Amino acid sequence: MSMNEGLYRTRKIKNAIAMALSSAAAVIGLGWLVWILATTLIKGGSALSLTLFTEMTPPPGAEGGLANALYGSVLISLLALAIGAPIGILAGLWLAEFARSSKLGTVIRFVNDILLSAPSIVIGLFVYTAVVIPMNHYTNGSISFSGFAGGLALAMLVIPVVTRTTDEMLQLQPASLREAALALGIPQWKVTLQILLRAAKAGVVTGVLLSMARITGETAPLLFTAFGNQFWNSNLLKPMASVPVTIFQFAMSPFETWQALAWAGALLLTIFVLALSILSRFVFSRKKGAQ
Amino acid sequence: MPAIPYTTANREQRERRAKRDTRHDRWFRITLLTAALLVLSVMLGAAISTLWGGRLAFSTFGWSFLTSSEWDVVNGRFGALVPIYGTLVTSLIALILAVPVSFGIALFLSEIAPPWLRTPVASAVELLAGIPSIIYGMWGLFIFGPFMAEYLAPWINDYLGAIPVIGGLFQGPALGIGMLSAGIILAIMILPFITSVMYEVFRTVPQQLKESAYALGSTTWEVCWDIVLPYTRSAVVGGIFLGLGRALGETMAVTFVLGNSHQLSMSLMMPSSSIASVIANEFNEAYTDLHRSSLIALGFLLFVVTFIVLMLARLMLARMSRRAGN
């Protein structure tokens with residue numbers, strides 16, 4: 001009996017230790033989040049001002065803003081979405097509607113999942129060797145780094161996210177919906193685009209928002225595609241500034257004004273990304289509530 | 001378009017429409033297939049273009065590219081050993097630190113936390129996953145690095161450095177930047193990825209299984225260790241590999257705190273470099289073809305390694321979901 005009690009006690013103690021450690025892990029995990037967010041908020045908040053949006057990135061040591069970098073980021077991201085989102089949606093449609101269990105479909109779904117977490121710096125190298133160098137070569141050096149190349153690199157990060165969510169959302173649509181529409185004699189392209197895609201709209205929009213959140217902070221693929229630019233630039237065939245690359249450059253510098261701008265940029269990025277992920281959750285849950 | 005009444009008189013009209021619909025459907029299918037094949041071509045393109053861009057380095061150095069620790073820009077001698085070593089070591093540190101903590105958080109979320117606490121904690125973990133990696137890097141450089149140099153490093157030197165055999169790993173100057181710092185930052189970064197996979201699969205364990213174990217008198221810990229974990233093993237390993245894939249290819253979080261040094265060093269307190277950080281730091285300043293080609297060759301190596309790791313991750317996750325489906 002006493003041996004049993006001893007065993008009982010060790011099991012209880014073991015359990016208590018494990019539970020305590022696991023709760024501690026949760027506290028630690030959240031602690032990091034609070035620490036990082038608080039730092040960004042304090043350091044970035046103190047550097048926040050209206051000139052951020054009105055002035056260009058300054059030369060070393062001088063005061064300035066991030067206007068050109070913000071503008072460049074918006075242009076590059078829009079371009080990336082304009083290229084990546086349609087391709088992603090179409091690829092997702094194909095996977096869900098035409099290749100649910102075919103061999104090619106399985107392979108593409110698998111490759112897409114890998115691309116989801118593939119190192120983005122390699123995508124940057126890919127666009128550099130496949131787009132930047134050839135463009136430079138064929139235009140005799142008048143075009144090399146460009147906002148277009150940057151947008152293309154980011155589009156390759158948009159595609160897997162959108163493909164994945166579209167595929168998943170379409171697969172969730174009831175078969176009866178599909179069959180009812182086809183039984184009415186509606187051609188398949190109309191069933192897919194006007195009935196299924198419309199029914200899955202909220203989910204697909206969520207995917208696009210998530211992909212936007214994903215590319216907003218991406219730095220590595222832009223380093224040697226869009227490069228950077230000290231000036232206001234709307235020409236997609238010229239090097240273009242972006243917020244993440246500017247942060248990278250400024251944070252690594254020894255100049256205080258540059259570092260302050262980097263923190264301000266970091267705060268803007270964080271706020272934007274968090275807002276996007278909350279928005280995407282909202283879009284998705286509202287749809288779920290309506291069903 | 002109004003419906004065409006089914007009469008014998010308009011048979012031709014009906015046939016024309018059927019034919020047109022078939023034609024449109026065929027084009028639709030081809031368009032979708034093209035988009036899907038583009039996904040495939042991104043993957044192939046990344047592999048082939050980095051291999052092509054790195055051909056000069058591969059042909060110049062051959063296998064010694066992998067085994068040489070020399071990185072001499074001036075004399076044009078490049079070896080990938082230090083970046084490969086740095087990448088593996090930092091990722092390994094990240095895994096060692098992140099896996100137990102992730103497991104703890106997932107356990108907390110699925111078994112311990114009261115329901116009202118679950119959603120906020122789970123969303124907070126997901127938010128952590130959404131923070132751009134460059135923010136982690138900056139935080140590491142400006143906040144964690146000095147903190148490490150001032151408080152952690154002396155302590156690590158004194159206590160961990162005194163342990164026989166592995167002590168050498170922890171002896172070194174209190175710089176604040178180095179492989180250990182980079183590993184810690186990476187651990188924080190991959191923590192949410194591993195946690196969310198674990199939490200998700202822990203929830204797929206059938207309630208009856210857990211309740212049967214509880215009914216037999218198991219403690220919460222025993223249910224987790226003996227029921228939940230064995231049931232979800234392959235997916236948990238898959239999640240860990242997913243985290244590893246992230247850690248290997250992560251650029252920004254590491255570049256800030258690794259120090260970009262090409263010295264091979266046993267001590268984790270010393271600066272080093274990883275594949276991604278070398279590329280990010282040097283690519284735009286590489287003026288010789290050979291230097292640039294070596295960097296692209298590094299990119300190819302990184303791509304191959306992460307591809308294999310992520311492939312294993314996906315295969316293990318797929319095995320789990322197949323079983324859940326049955």
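In this text the structure is predicted, and so the values were computed from the model without any measurement. First the proteins, then the strands, lettered A, B, ... as listed; each starts at 1.
- For B:Ala124 against A:Leu30, the heavy-atom pair with the smallest separation is CB-CD2, 3.5 Å.
- For B:Phe193, no part sits under 4.5 Å from any heavy atom of chain A, backbone or side chain.
- Within the 4.5 angstrom heavy-atom criterion, atoms from both the backbone and the side chain of B:Thr255 approach chain A.
- Of the two parts of B:Leu141, only the side chain, counted from C-beta on, holds a non-hydrogen atom closer than 4.5 Å to a non-hydrogen atom of chain A.
- Neither the backbone nor the side chain of B:Ser133 has a heavy atom closer than 4.5 Å to any heavy atom of chain A.
- Residue A:Met19 comes nearest to B:Trp221 through the heavy atom pair CE-N, 3.8 Å, listed as atom of the first residue, atom of the second, then distance.
- Of the listed residues (A:Ile247, A:Thr163, A:Leu269), the one with the most heavy-atom contacts under 4.5 Å to chain B is A:Ile247.
- If you take CD1 on A:Ile42 and CD1 on B:Ile143, they are separated by 8.5 Å, rounding to the nearest 0.5 Å.
- Of the possible polar contacts, one joining the B:Asn284 side chain to the A:Leu223 backbone as a donor-acceptor pair under 3.5 Å is found.
- Taking A:Thr40, A:Thr192, A:Ile28, A:Leu21 one by one and counting their heavy-atom pairs under 4.5 Å with chain B, the maximum is reached by A:Thr192.
- Residue B:Phe144 touches chain A through its side chain alone, counting heavy-atom pairs closer than 4.5 Å.
- Taking the six-membered ring where the residue is Trp, A:Trp263 and B:Phe142 present tilted rings, their angle falling between 30° and 60°.
- Contacts of B:Leu242 with chain A are made by side-chain atoms alone, with heavy-atom separations under 4.5 Å and no backbone atom involved.
- Atom CD1 of B:Ile48 and atom CZ of A:Phe126 lie 8.5 Å apart (nearest 0.5 Å).
- The two residues B:Leu191 and A:Gly29 have their closest heavy-atom pair at CD2-CA, 4.0 Å.
- Nearest approach of A:Thr129 to B:Gly53, heavy atoms of both residues: CG2-CA, 4.2 Å.
- A distance of 4.5 Å separates CG of A:Leu37 from CD1 of B:Ile131, quoted to the nearest 0.5 Å.
- With respect to the salt-bridge test (charged N to carboxylate O, under 4.0 angstrom), the residues A:Arg281 and B:Glu126 qualify.
- Interatomic distance, CG of A:Leu115 versus CZ of B:Phe307, reported as 9.0 Å (0.5 Å rounding).
- B:Phe28 approaches A:Gln188 most closely through the heavy-atom pair CE2-O, 4.4 Å.
- Of residues 211-222 of chain A, those residues with a non-hydrogen atom less than 4.5 Å from any non-hydrogen atom of chain B are, in numerical order, A:Gly217, A:Thr219, A:Ala220.
- For B:Leu33, the parts lying near chain A are the backbone and the side chain together; criterion is any non-hydrogen pair under 4.5 Å.
- For chain A, the nearby parts of B:Ser123 are the backbone and the side chain; heavy atoms of each come within less than 4.5 Å.
- Distance CG/B:Leu128 to CD1/A:Ile36: 6.0 Å, rounded to 0.5 Å.
- If you take CG on A:Asn15 and CD on B:Glu222, they are separated by 7.0 Å, rounding to the nearest 0.5 Å.
- Ring geometry for B:Phe283 against A:Phe224 counts as tilted: the plane angle lies between 30° and 60°, on a 0 to 90° scale.
- A:Trp35 and B:Phe147 have their aromatic ring centers within a separation under 6.0 angstrom.
- The aromatic ring centres of A:Trp189 and B:Trp27 sit 6.0 Å or more apart.
- In this structure, the portions of B:Met311 lying under 4.5 Å from any heavy atom of chain A include both its backbone and its side chain.
- Shown here for B:Gly299 and A:Leu125, the closest heavy-atom pair between the two residues is CA-CD1, 3.6 Å.
- In this structure, chain A has a heavy atom under 4.5 Å from the side chain of B:Ile188, while its backbone stays farther away.
- Proximity to chain A (any heavy atom under 4.5 Å) is restricted, for B:Thr251, to the side chain, taken from C-beta onward.
- If you measure heavy-atom distances from B:Ile135 to chain A, the contacts under 4.5 Å come from the side chain alone.
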